[in-house]
Amino acid sequence: QVQLVESGGGLAQPGGSLRLSCAASGFIFSIYTMAWYRQVPGKQRELVAVVTSRGVSNYADSVKGRFTISRDNAKNTVQLQMNSLKSDDTAVYYCTADTHYWGKGTLVTVSA
């Protein structure tokens, strides 16, 4: 059974940091491109960051220089380190494997 379970969301102050983690099981994690998406109510889900099976990463312009995606193929996990958080980063963050499999999401709220 495929599972993607996100954790690490919560409340952060503007300028603060959070680290999201996604634990994967039920598929061959190492061969999949992994990504984080986010969604605000009433808006389309948008790509935040992606990391290929070989570790090549790419980012949305809005988070470039502030967020870092990484993966650990030995532990079947993918992380998203979020620094210098802004109120616009408030959203539900989803982990996905090649957009084939999706987690249920974790809420990130950035507010003073």
Side-chain angles (χ1 to χ4, degrees):
Q1 180 183 0
V2 172
Q3 279 195 314
L4 290 171
V5 180
E6 301 97 337
S7 61
L11 176 64
Q13 292 192 337
S17 299
L18 283 175
R19 184 175 179 85
L20 305 184
S21 187
C22 173
S25 61
F27 62 99
I28 304 174
F29 177 84
S30 61
I31 68 173
Y32 276 79
T33 289
M34 299 299 297
W36 288 94
Y37 280 70
R38 67 187 180 187
Q39 188 170 25
V40 175
K43 293 189 176 181
Q44 282 194 333
R45 196 171 291 190
E46 65 171 0
L47 176 66
V48 176
V50 59
V51 58
T52 69
S53 59
R54 297 187 176 186
V56 177
S57 58
N58 206 355
Y59 301 89
D61 287 342
S62 59
V63 307
K64 212 169 279 185
R66 301 188 298 121
F67 291 10
T68 303
I69 190 170
S70 60
R71 66 188 296 161
D72 185 335
N73 288 341
K75 296 182 178 180
N76 287 4
T77 59
V78 59
Q79 289 79 33
L80 184 69
Q81 177 66 41
M82 306 186 295
N83 298 328
S84 302
L85 284 163
K86 305 175 181 179
S87 56
D88 286 349
D89 296 320
T90 296
V92 177
Y93 284 71
Y94 297 90
C95 172
T96 178
D98 242 348
T99 70
H100 293 312
Y101 307 123
W102 291 86
K104 293 183 178 180
T106 185
L107 177 63
V108 170
T109 303
V110 183
S111 174

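Below, each value reflects all heavy atoms present in this structure, side chains not excepted, and no hydrogens, waters or symmetry copies. As the structure is a prediction and not an experimental result, all values here were calculated from the model.
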Taking only residues two or more places apart in sequence or in another chain, which ones pass side chain to side chain donor-acceptor pair (under 3.5 Å) with Gln39?
Arg45
Taking only residues at least two apart or on different chains, which pairs with a member in residues 29-92 satisfy disulfide (SG to SG under 2.5 Å)?
none
Does Ile28 CD1 have over 12 foreign heavy atoms under 6.0 Å away?
no
Under the rule for ring-ring contact (aromatic ring centres under 6.0 Å, His included), what residues qualify as partners of Phe29, not counting sequence neighbours?
none
Taking side chain as C-beta onward, heavy atoms only, is Met82 less than 4.5 Å from Val108?
yes
With a 4.5 Å cut-off on side-chain heavy-atom distances among I, L, V, M, F, W and Y, is there a chain of contacts connecting Ile31 to Val2?
yes
Could you note down all residue pairs passing disulfide (SG to SG under 2.5 Å) where residues 52-112 supplies at least one of them, sequence neighbours left out?
Cys22-Cys95
Any pair counted as side-chain hydrogen bond (donor to acceptor under 3.5 Å, both in side chains), so long as it reaches residues 71-83, sequence neighbours left out
Ser17-Asn83, Arg19-Gln81, Ser70-Gln79, Arg71-Asn73, Thr77-Gln79, Gln81-Asn83
What disulfide (SG to SG under 2.5 Å) pairs are there with at least one residue in residues 45-84, not counting sequence neighbours?
none
Over all atoms of both residues, closest heavy-atom pair of Leu85 and Ala12:
CD1-CB, 3.7 Å
With sequence neighbours left out, which residue pairs that include part of residues 52-61 fulfil the side-chain hydrogen bond (donor to acceptor under 3.5 Å, both in side chains) condition?
Asp61-Lys64
Which pair of non-hydrogen atoms, one from Ala35 and one from Leu47, has the smallest distance, and what is that distance?
CB-CD1, 3.9 Å
Determine which pairs satisfy side-chain hydrogen bond (donor to acceptor under 3.5 Å, both in side chains) with at least one residue from residues 88-109, sequence neighbours left out, and list them in order.
Arg38-Asp89, Arg38-Tyr93, Arg66-Asp89
Minimum heavy-atom separation for Pro14 to Ser111, with atom names?
CD-C, 3.6 Å
Using side chain to side chain donor-acceptor pair (under 3.5 Å) as the criterion, list what pairs up with Glu6, not counting sequence neighbours.
none
I want to check something: taking the side chain as every heavy atom from C-beta on, are Val56 and Val51 in contact at a cut-off of under 4.5 Å?
no
Taking the side chain as everything from C-beta on, heavy atoms only, tell me whether Thr68 gets closer than 4.5 Å to Leu80.
no
Out of curiosity, does Val110 fall in the hydrophobic cluster containing Leu18 (side-chain heavy atoms, cut-off under 4.5 Å, transitive links)?
yes
Among Val78, Val63, Val48, exactly one meets side chain to side chain contact (heavy atoms under 4.5 Å, CB included) together with Ile69. Which residue is that?
Val78
What residue pairs, at least two apart or across chains, pass side-chain hydrogen bond (donor to acceptor under 3.5 Å, both in side chains) with a residue in residues 20-36?
none
Heavy atoms of Leu4 and Ala24 approach each other most closely as CD2-CB, 3.4 Å
